[in-house]
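First up is the structure itself, then whatever we jot down about it.
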Amino acid sequence: MTRPSRRTVVLIAAVVVVGLLAANVMGLWRYPGGPLRLPNADGLLWLDHLPDDQGNNNIGFSTLAGVTTGMPIYVGLDARNQWSTSAVIEGVRLVKATPGLRLIEARLARRGATNTGLTVASGVGPELDSLRLYEDYRPVPADLGGNAPIAEGQMWLLVLADAPGEQSFDTVALDYRIGPFSFTVDMHQGFSACIVPMPSGVICSWDAQ
């Protein structure tokens, strides 16, 4: 069997690289990680090396919160652009969300924000009105400046539970671009809430903590 020549190998490699770049620009394949990854997820070539369940269910509500179906639930995120070029956050997705939980809206702090009030936390209902969630934040898609201050990277998600029981997601994925190139990054921020009334015989994991 004849081995391919060095020129053939180089040509094949070049075709693969060009194909990947084209797929990336078109958004068909997004680079996993990039400048918006968490500081402790810094792997080789901007790769996110943390396990998928790194942030699994580390914030949420017990049954004592009295969260019911259809009640607005706000979940805070903290995005950081570690590069000098602006990034455009194109979309937000809940990863491994239970069937009874859905994302309604995602917003990013306005440019020039200094204290938007909602950090990596969660809340429900009208008690969050004083945080000016709609005045101080912009809907996604939105741009995040290069080396932006921490306050400008604050985000919140509005989610709703459509069914009682413990509803959750494992992490939040951000799809974004820097120039023509596309990326996706896991924020490693998990969430769960026990939506009342809980089904008979089901125990809320938060109630046991």
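This one's a predicted model, so the numbers in the text were calculated from it and none came from an experiment. Along the sequence shown, the residues carry numbers beginning at 1.
Under the 3.5 Å distance criterion, with hydrogens and angles disregarded, a donor-acceptor pair is assigned to the side chains of Glu166 and Ser205.
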Full working for side-chain contact (heavy atoms from CB on, under 4.5 Å) between Gln82 and Trp46: CA-CA 10 Å; Gln82 302 178 58; Trp46 284 352; over 6 Å; no

Carefully, step by step, assess Thr184 and Asp175 under the rule side chain to side chain donor-acceptor pair (under 3.5 Å). CA-CA 4 Å; Thr184 188; Asp175 294 328; 2.9 Å; yes

Evaluate the side-chain contact (heavy atoms from CB on, under 4.5 Å) criterion for residues Met155 and Val92: first the C-alpha distance (whole Å), next the side-chain angles of each, then the deciding distance (0.1 Å), finally the verdict. CA-CA 11 Å; Met155 301 182 64; Val92 179; 4.0 Å; yes

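Rounding to the nearest 0.5 Å gives a distance of 7.0 Å between CD of Gln189 and CZ of Phe169. Taking CZ from Phe191 and OG from Ser168, the interatomic distance works out to 9.0 Å, rounded to the nearest 0.5 Å. Distance check: Tyr31 OH to Phe181 CZ gives 12.5 Å after rounding to the nearest 0.5 Å. Put simply, CG on Leu36 and CG on Asn81 are 5.0 Å apart, with the number rounded to the nearest 0.5 Å. With rounding to the nearest 0.5 angstrom, the OG1 atom of Thr171 is 8.0 Å from the CE atom of Met187. Note that CG of Leu94 is 6.5 Å distant from CG of Leu157, once rounded to the nearest 0.5 Å.
With sequence neighbours left out, Ala161 forms a side chain to side chain contact (heavy atoms under 4.5 Å, CB included) with Leu101, Gln167, Ile195. Residues passing the salt bridge (Lys or Arg N to Asp or Glu O under 4.0 Å) test with Glu90 are Arg30, Arg177, sequence neighbours excluded. Remark: Leu160 engages Arg102, Ile104 in a side chain to side chain contact (heavy atoms under 4.5 Å, CB included) (not counting sequence neighbours). When the side chain to side chain contact (heavy atoms under 4.5 Å, CB included) test is applied to Pro199, the partners found at least two apart in sequence or on another chain are Val202.
Ring geometry for Tyr74 against Trp156 counts as perpendicular: the plane angle is over 60°, on a 0 to 90° scale with 30° as the lower cut.
Applying the side chain to side chain donor-acceptor pair (under 3.5 Å) test to every pair with at least one member in residues 143-153, sequence neighbours left out, gives these pairs: Arg111-Asp143, Arg138-Asp143.
Heavy atoms only, all atoms of each residue included: Asp186 and Ala173 are closest at OD1-CB, 3.7 Å. Nearest heavy atom pair, residue Tyr176 against residue Val185, reads CE2-CG1, 3.8 Å. Scanning all heavy atoms of the two residues, the minimum distance from Pro35 to Phe183 falls at CD-CE2, 4.4 Å. Across every non-hydrogen atom of Ala109 and Tyr137, the tightest pair is N-CD2, 3.4 Å.
Inter-residue side-chain proximity for Leu108 and Ile89 is flagged as met; some heavy-atom pair is nearer than 4.5 Å.
Leu103 is connected to Ile73 through a chain of hydrophobic side-chain contacts under 4.5 Å among Ile, Leu, Val, Met, Phe, Trp and Tyr, so both are in one cluster. By the rule that hydrophobic residues join a cluster once side-chain heavy atoms approach within less than 4.5 Å of another member, Leu158 and Leu133 end up as members of one cluster. Grouping the Ile, Leu, Val, Met, Phe, Trp and Tyr side chains by contacts below 4.5 angstrom, directly or via other members, places Trp29 with Leu174.
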Show me the donor-acceptor pairs within less than 3.5 Å that the side chains of residues 59-69 make with the rest of the protein, sequence neighbours left out.
residue	atom	partner	partner atom	Å
Ser62	OG	Leu64	N	3.2
Thr63	OG1	Asp207	OD1	3.1
Thr63	OG1	Asp207	OD2	2.8

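Using a 4.0 Å cut-off between a side-chain N of Lys or Arg and a carboxylate O of Asp or Glu, Arg37 and Asp48 do not qualify as a salt bridge.
Few gaps surround CG on Leu47; more than 12 heavy atoms of other groups in view lie less than 6.0 Å from it.
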